[in-house]
Amino acid sequence: MRGGRWRRVASQVGRSVAVWAVSTVTMLVLAGILPDFQLQSAGDDSATSLAMTAALGAGAFGLLSALAWPLLVRLLLLVPALVLGLLVFFLNGSLLIVALRLVPSGDSEAAPETAVIVAAVMSAVASATGAALAVRDDDAYRRRLYRLADRRRRALPPGPSSPGTVFVQLDGVGHDVLLDAVGKDLMPTVARWLGNGGIGGVGGARATHRLTSWRTDWSSQTGASQLGILHGSNHDVPAFRWYEKAAREVMVCNRPTNAAELQRRAIDRTGDGGLLTADGASRGNLFSGGADEQALVLSIATKRRSRENRSRSGYFAYFSDPANAVRTALSFFAEVGREIGQSTRARARKVRPRVSRGGLYPLVRAFATVVERDVVVAAVMGDMLAGRTAVYADLVAYDEVAHHSGPRGRDTEKVLERLDRALALIENVAEHAPRPYRIVVLSDHGQSPGETFRARYGLGLGDLVRAGCGLPVPRRARRTHSGAEARAAVRAALRRPVEDGGDQHRPSRRSEPIVLASGNLGLVSFPDVPHRMTKEEIDARHPALLTTLANHPGVGFLLVRSEQHSGVVLGAYGAEIPLDQLDDKPGPLEAFGPGAADTVRRTHSFPNAADIMVNSAYDEAYGEVLAFEEQIGSHGGLGGAQGKPFLLSPLAFSAPVGDGEDLVGAEHIHRVLRRWLRESDGPQVPLDAEPQERAA
């Protein structure tokens with residue numbers, strides 16, 4: 001026992017000396033390369049003296065990084081995550097300048113901008129060296145993982161023996177996209193869970209997980225899906241953005257104030273705090289799910305930070321290691337360069353379909369694919385090492401890239417590879433957690449490809465509505481703002497309480513319609529009419545509008561109220577089918593597959609459904625839709641892969657649904673996840689669904 005302890009001590013000392021030596025050599029090399037970085041010894045510039053100065057400087061920098069850096073991060077916890085990430089270079093460079101001043105026998109100096117570069121390189125080299133030396137040392141690997149946990153974990157009692165559950169949401173990854181990625185060996189971790197690529201839960205004897213597809217609601221977007229999954233109700237969420245006549249306000253799911261209101265409504269409707277109320281953590285989500293620990297959660301972005309809603313473990317666990325912070329910052333700028341190169345190549349090759357990828361988009365993409373991923377994964381690791389019961393995390397990287405590059409292609413394949421590595425890291429951390437963990441991976445929706453409505457026909461949905469109303473159509477209409485989820489994560493990181501006016505959509509005249517877009521779902525509302533207008537009222541006011549929309553080749557169908565039949569679906573060539581007859585005569589809904597009629601009827605029951613709900617046309621042969629936003633990979637309505645996400649669950653849990661049953665709607669997913677949490681808390685065998693769940 002004592003011999004093993006001494007061997008561990010000797011191994012640790014040996015690794016520390018090796019890292020010190022490599023850092024010393026790195027400092028000498030940088031001093032020879034960079035003109036503004038000089039290593040000097042007072043009165044002696046021999047090689048031996050310079051080496052000694054470098055060794056002392058490297059040692060001082062290493063000690064400061066180990067001792068002072070965590071304290072600095074603690075002091076900066078009130079700084080938003082994105083800002084803290086950008087401060088990394090400045091803080092690291094400052095530590096290097098202090099370290100050089102502490103060398104007693106030297107007269108070394110570095111310009112501030114050079115110190116930033118030297119510190120970044122030395123941190124990265126030291127981290128890589130330490131990791132390489134610890135690869136074959138399980139104890140060192142365990143200690144490395146534990147350093148990512150919140151320090152408060154040490155004060156907690158031993159973890160329970162019952163399994164905890166980690167839910168990882170891969171935003172926007174459809175069921176078929178996941179299968180293709182497994183088949184192309186892009187996601188080896190998922191392939192291994194499925195038994196070397198097996199599907200449907202029958203991947204073979206080695207399979208540990210089952211794969212199930214599920215069907216979204218009509219509003220196939222993160223706001224509606226995640227609200228239903230985390231809080232059990234997405235009632236009256238007809239789209240990503242919609243106009244509420246009673247409040248005379250445009251609601252947007254990724255607006256912090258609106259996200260908080262939607263969460264409050266869901267809690268009032270269900271009478272329950274959410275999926276994560278029992279010792280839960282919410283990471284990178286639009287909604288909290290009732291969790292005590294939250295990081296990058298949009299619905300709390302407007303609240304004043306306090307001990308009740310400020311999560312220290314997420315940011316501190318990641319940024320407490322300067323090498324992690326430097327690596328993320330470098331990866332951020334590398335991703336910006338990668339996006340600029342990919343978009344330039346797409347323009348040069350005249351790739352179609354294509355949308356604009358300029359402006360702030362490269363920064364938003366880099367945040368989603370690097371910063372948000374790294375911080376969220378680190379927070380999940382900290383939660384597992386702290387023994388939390390339930391963790392729900394959203395990784396938005398794929399969804400953001402697919403909006404602008406398309407759901408399938410080289411750009412998105414690279415993102416899927418990195419997401420799989422994140423899953424592998426979470427799986428490895430589970431082996432070192434104080435309790436066993438079951439990992440559930442799911443998506444909130446898929447994405448359907450296709451060019452934009454504007455690119456196909458030369459005008460947007462708003463232009464078409466204005467033409468149908470007899471209103472003048474501007475020559476250059478304003479582009480519809482994208483509803484990409486990554487922008488919500490940026491707002492949460494920056495804690496922006498109020499957004500810009502891009503989504504306000506205030507009409508200049510009360511009689512003019514408000515036209516909003518959510519992927520390939522459009523909503524038309526007349527703000528001067530206090531109630532939801534009927535078909536008859538719309539025809540009397542604008543006789544050509546419904547006919548213009550229904551007969552347009554880019555429109556699949558319309559939903560409107562009717563004085564005779566409650567609600568009707570309108571299509572081309574005068575098709576008009578009452579909602580209660582859609583099962584026998586689907587008409588224009590036939591192309592959208594099974595369940596379309598039910599989702600349309602459910603949305604029709606929402607108090608805030610728009611006067612006219614517009615779904616774009618759908619090409620069954622190619623699985624393409626026409627987005628009313630500037631996106632070539634879109635979601636939000638009916639049609640194609642956007643409505644077919646996945647649920648990847650351990651075989652230790654009971655099957656999501658029985659044989660012959662369909663998994664339909666985000667609220668159904670919530671009931672399944674709740675059942676699995678009860679199974680983990682009780683007997684460690686799969687349990688049958690409760691009677692009310694089976695009935696539902």
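Only a predicted model underlies this, so the values are computations on that prediction, with no experimental measurement involved. One is the number of the first residue; the rest follow in order along the sequence.
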SB check Arg388 Asp292 (cutoff 4.0 Å): no
Would you indicate whether the side-chain heavy atoms of Leu227 and Leu286 approach each other to under 4.5 Å? no
When you look at Val415 and Asp411, which way does the side chain to side chain contact (heavy atoms under 4.5 Å, CB included) test go after all the steps? CA-CA 7 Å; Val415 175; Asp411 296 3; over 6 Å; no
Could you please spell out the steps behind the side chain to side chain contact (heavy atoms under 4.5 Å, CB included) verdict for Ile426 and Val168? CA-CA 10 Å; Ile426 292 173; Val168 182; 4.1 Å; yes
Taking Glu413 first and then Arg410, would you say they form a salt bridge - that is, a charged N and a carboxylate O separated by under 4.0 Å? no
Cut-off 3.5 Å, side chains only: do Arg365 and Gln342 have a donor facing an acceptor? yes
How long is the span from the OG atom in Ser448 to the CD atom in Gln631, to the nearest 0.5 Å? 11.5 Å
OG1/Thr344 to CZ/Arg349 distance, rounded to the nearest 0.5 angstrom? 11.5 Å
Can you find a heavy atom in the side chain of Ile632 that is under 4.5 Å from one in the side chain of Glu451? no
Note, Phe367 side chain near Val336 side chain (heavy atom, < 4.5 Å): no
Closest approach of Ala402 and Thr412, non-hydrogen atoms and distance? CA-CG2, 3.8 Å
Given salt bridge (Lys or Arg N to Asp or Glu O under 4.0 Å), test Glu335 with Arg418 step by step and report yes or no. CA-CA 13 Å; Glu335 187 69 16; Arg418 281 176 254 161; 3.3 Å; yes
Looking at residues at least two apart in the chain, or sitting in another chain, which of them share a side-chain hydrogen bond (donor to acceptor under 3.5 Å, both in side chains) with Ser288? Gln263
Side chains of Asp180 and Leu186: does their closest heavy-atom pair fall under 4.5 Å? no
Minimum heavy-atom separation for Gly633 and Pro407, please, with both atom names. CA-CD, 3.9 Å
Could you walk me through whether Arg435 and Thr389 pass the side chain to side chain contact (heavy atoms under 4.5 Å, CB included) test, one step at a time? CA-CA 9 Å; Arg435 66 190 300 177; Thr389 300; 3.3 Å; yes
What distance separates Tyr398 OH from His403 NE2, expressed to the nearest 0.5 Å? 10.0 Å
Can you list the steps and then say if His635 with Asp399 is a side chain to side chain donor-acceptor pair (under 3.5 Å)? CA-CA 10 Å; His635 57 88; Asp399 189 73; 3.3 Å; yes
Hey, are His445 and Thr222 close enough side-chain-wise for a donor-acceptor pair under 3.5 Å? yes
Distance (rounded to the nearest 0.5 Å) between Trp193 CH2 and Met187 CE: 9.0 Å
Consider only side-chain N and O atoms of Gln294 and Ser282, and report whether a donor and an acceptor are under 3.5 Å apart. no
Go through the steps to decide whether Phe287 and Val297 satisfy the test side chain to side chain contact (heavy atoms under 4.5 Å, CB included), and finish with yes or no. CA-CA 6 Å; Phe287 310 102; Val297 174; 5.7 Å; no
Do Val391 and Thr165 have side chains that approach each other closer than 4.5 Å (heavy atoms only, starting at C-beta)? no
Using atom types as modelled and distance alone, determine if a side-chain donor or acceptor of Gln221 lies under 3.5 Å from a backbone N or O of Gly223. yes
Give a yes or no on whether the backbone of Gly636 and the side-chain of Gln642 come within a donor-acceptor separation of less than 3.5 Å. yes
Ignoring hydrogens, what is the shortest heavy-atom contact between Arg438 and Pro650? Give both atom names and the distance. CB-CG, 4.0 Å
Kindly determine whether Lys644 and Asp176 satisfy salt bridge (Lys or Arg N to Asp or Glu O under 4.0 Å), including the steps that lead there. CA-CA 8 Å; Lys644 190 181 179 183; Asp176 295 341; 3.6 Å; yes
Would you check if Val429 and Leu385 make a side-chain contact, meaning some heavy-atom pair closer than 4.5 Å? yes
Are the side chain of Ser343 and the backbone of Ile340 linked by a donor-acceptor contact shorter than 3.5 Å? yes
Return yes if some donor-acceptor pair links the side-chain N/O of Ser299 with the main-chain N/O of Ala260 below 3.5 Å, else return no. no
Measure the shortest side-chain to side-chain distance between Phe167 and Ile439 over non-hydrogen atoms and say whether it is less than 4.5 angstrom. no
Got a salt bridge between Arg283 and Asp383, using NZ or NE/NH1/NH2 to carboxylate O under 4.0 Å? yes
In Å and rounded to the nearest 0.5 Å, what is the CD to CD distance from Glu339 to Glu400? 9.5 Å
One should read off an interatomic distance between Asp420 CG and Leu178 CG, to the nearest 0.5 angstrom, of 9.0 Å
Please name the pair of heavy atoms, one in Val166 and one in Val380, separated by the smallest distance, quoted to 0.1 Å. CG1-CG1, 4.0 Å
Return the minimal non-hydrogen interatomic distance between Ala433 and Met384, and the atom names on each side. CB-O, 3.4 Å
If every non-hydrogen atom of Ala259 is compared with every non-hydrogen atom of Leu298, which pair is closest and at what distance? CB-CD2, 4.1 Å
Under a plain distance cut-off of 3.5 Å, with no hydrogens placed, do Gln226 and Asp444 share a side-chain donor-acceptor pair? no
Please examine the side chains of Val376 and Leu296, heavy atoms only from C-beta on, and report whether any two atoms are closer than 4.5 Å. yes
Report yes or no: does Glu629 contribute a side-chain atom to a donor-acceptor pair with the main-chain N or O of Gly519 at less than 3.5 Å? yes
Between the side chains of Glu427 and Arg421, is the shortest nitrogen-to-carboxylate-oxygen separation below 4.0 Å, so that they form an ion pair? no
